[in-house]
Amino acid sequence: MTVKKSLISLLEEYKGKYISGENLAEKLKCSRTAVWKAINQLKEDGYQIDCLKNKGYKLSEDSDVLSEECINGYLKTDKYQVEVFQEISSTNDVLKRYAVNDHAEQGTTIVSDYQTGGKGRLGRSFFSPKGTGLYLSLLLRPKGTVIDNLILTAQSAVAVYRAVKNVTGIELSIKWVNDLYYKNKKICGILSEGQASMESGSMEYIVVGIGVNIYEPENGFPDDIKEKAGSLLGKKSEGVSIDRNRLAAEIIKEFYNIANDKELAGEYIEKNIVPGKDILVIDGQNIRKARATGIRKDGTLEITEADGSVNTLVFGEVSVRLDESVVL
Ligand code: BTN
């Protein structure tokens, strides 16, 4: 490990408290000059480090830089291989490349502070600005076919629900299939992508990409999404804060805990806002009105069509939009 990496782990451990240069040098088994150089590099990377002549160095409580050292510190295990980027095209695209080209193993996770080409479902883009969200992708090497793994989409939403509750106490709502809502606005979207063998039909890998809007951007959301998009907290400038490294670690833990469960997590049904609502079923170019009546144990959505017939919707085939104006 480089001096810089060991130093950030130590400063994270002492976050909010001063530690002297001498003490740091001793713990890191390096010279005080090496500590000083590494401190300057960390400052350049955006870490808020206060220096006081007789006290040493302190990582400010408000310092909010995503780092592998900090996420691993919360995970307390080396089961997962976490890589953090400050900027990336799309965490899903890069992780898919790792899966195919480098045969990356289950547990490999990419986290980024910013995506220049964040991708959403149905070929849309996903707004992923710097410093206000959390964008991560997690790799699975599951058993079985695509059909056997459809439930994973729902389980991923529950993993985010649980992680946010653990860190903030906030209980989000889930919108079938896997969007998470807070105060009637979408604050998290999930995009699962994978590859199956044409011969056996079994999955080779699945990449689950999760994007969480944590803070409201200082200039608000772009016009095309501002009606729908929300964030967990207000603007950073309003003084609200959350430890994004801790949230990343909780999502990783909760996700890999639940990912292989074949039984749908209870919260998926309890917290789902779709049952009982009038909806628009979007099936490619076709849009039809229906009423959602419930969610089955396999995660499919039970609906009553406009002609009164009962149908079930499967993940991946359609998407639904809540439509308060629909009268069946
Ligand atoms: C959606 O709501 O349409 C799905 C959005 C998924 C966004 C996440 S952010 C991390 C990962 N990388 C991407 O490019 N997309 C997913």
Side-chain angles (χ1 to χ4, degrees), residues 66 71 80 82-100 104 108-140 150 152-161 163-164 172-182 184-195 205-215 217 221-222 224-232 244-245 247-252 254-256 259 272-274 282 284 315-322:
L66 289 170
I71 295 174
Y80 317 112
V82 181
E83 190 173 356
V84 173
F85 290 78
Q86 298 309 319
E87 178 181 330
I88 200 168
S89 50
S90 149
T91 53
N92 266 31
D93 283 351
V94 173
L95 191 54
K96 282 194 292 179
R97 268 207 309 273
Y98 285 7
V100 175
T108 308
T109 300
I110 294 185
V111 181
S112 187
D113 180 56
Y114 169 45
Q115 295 186 117
T116 52
K119 302 188 312 177
R121 293 181 61 230
L122 308 169
R124 299 193 195 108
S125 61
F126 187 77
F127 180 61
S128 316
K130 221 181 180 63
T132 59
L134 183 62
Y135 315 107
L136 70 166
S137 297
L138 308 101
L139 181 66
L140 280 176
L150 283 177
L152 177 66
T153 311
Q155 306 286 52
S156 312
V158 174
V160 176
Y161 166 85
V164 168
L172 301 175
S173 304
I174 301 173
K175 176 180 161 273
W176 192 92
V177 182
N178 57 0
D179 290 336
L180 287 118
Y181 274 63
Y182 182 51
N184 293 322
K185 300 256 181 163
K186 175 168 162 177
I187 65 116
C188 170
I190 302 177
L191 172 66
S192 307
E193 301 183 90
Q195 189 169 299
Y205 71 83
I206 298 179
V207 163
V208 176
I210 299 173
V212 191
N213 305 331
I214 296 182
Y215 300 100
F221 286 98
D224 57 331
I225 57 169
K226 71 177 181 204
E227 294 302 319
K228 215 179 139 189
S231 50
L232 258 184
R244 290 188 300 159
N245 287 300
L247 183 61
E250 284 297 318
I251 293 178
I252 296 168
E254 293 292 353
F255 175 82
Y256 286 112
N272 218 296
I273 51 174
V274 176
I282 304 157
F315 304 149
E317 286 183 349
V318 291
S319 69
V320 302
R321 199 185 303 153
L322 298 180

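We're numbering straight along the sequence, starting at 1. We count ligands from 1, going down the list as the structure has it; atoms in each ligand are counted the same way. Heavy-atom basis, side chains included; hydrogens, waters and symmetry copies ignored. Every value quoted in this text rests on a predicted model; they were computed, and no experiment measured them.
An N or O contact shorter than 3.5 Å links Ser90 to ligand 1 by distance. Ligand 1 has an N or O atom lying under 3.5 Å from an N or O atom of Thr91, backbone or side chain.
Considering only non-hydrogen protein atoms, atom 9 (S) of ligand 1 sits nearest to Gln115 NE2, 3.4 Å. The nearest protein atom to atom 5 (C) of ligand 1, hydrogens excluded, is given as Phe126 CD1, 3.4 Å; this is a heavy-atom distance. The single protein non-hydrogen atom nearest to atom 2 (O) of ligand 1 is Lys186 NZ, 2.5 Å, given as residue, atom name and distance.
Under 4.0 Å from ligand 1, not a single heavy atom of Arg124 appears. With a 4.0 Å cut-off on non-hydrogen atoms, Leu136 touches ligand 1 through its backbone and not its side chain. If you look at Ile190 next to ligand 1, the close heavy atoms, those under 4.0 Å, all belong to the backbone.
When each atom of ligand 1 is checked for a heavy atom of Gly120 under 4.0 Å away, the hits are 1 (C), 3 (O), 4 (C), 5 (C). Close approach to Gly211 involves these atoms of ligand 1, each under 4.0 Å from a residue heavy atom: 8 (C), 9 (S). Here is the list of ligand 1 atoms found below 4.0 Å of a heavy atom in Lys119: 5 (C), 6 (C), 7 (C), 13 (C), 14 (O), 15 (N), 16 (C). Counting the atoms of ligand 1 from 1 in the order shown, those under 4.0 Å from a heavy atom of Arg121 are 1 (C), 3 (O), 4 (C). Shown in contact with Gly118 at under 4.0 Å from a heavy atom are these atoms of ligand 1, numbered in order with element: 14 (O). Residue Leu191 has at least one heavy-atom neighbour below 4.0 Å for each of these atoms of ligand 1: 6 (C).
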Quiz item: Are Arg244 and Asp113 close enough, and set up right, to give a side-chain contact (heavy atoms from CB on, under 4.5 Å), and what steps lead you there?
Solution: CA-CA 10 Å; Arg244 290 188 300 159; Asp113 180 56; 2.6 Å; yes
Exercise. Just do the side-chain contact (heavy atoms from CB on, under 4.5 Å) check on Gln86 and Val84 with the steps written out, would you?
Key: CA-CA 7 Å; Gln86 298 309 319; Val84 173; 4.0 Å; yes
Self-check item: Working for side-chain contact (heavy atoms from CB on, under 4.5 Å), residues Tyr135 and Ile88
Solution: CA-CA 10 Å; Tyr135 315 107; Ile88 200 168; over 6 Å; no
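Thr116 and Glu87 share no donor-acceptor pair across their side chains, judged by distance under 3.5 Å alone.
Exactly one of Asn92, Thr108, Thr109 qualifies for a side-chain hydrogen bond (donor to acceptor under 3.5 Å, both in side chains) with Ser137. That residue is Asn92.
To the nearest 0.5 Å, atom OH of residue Tyr205 and atom CG of residue Leu95 are 8.5 Å apart. One finds the NZ atom of Lys186 at 7.0 Å from the NZ atom of Lys175 (value rounded to the nearest 0.5 Å).
Across every non-hydrogen atom of Ser173 and Ile273, the tightest pair is CB-CG2, 3.5 Å.
Ring pair Tyr256/Tyr80 is parallel by interplanar angle, where below 30° counts as parallel and above 60° as perpendicular.
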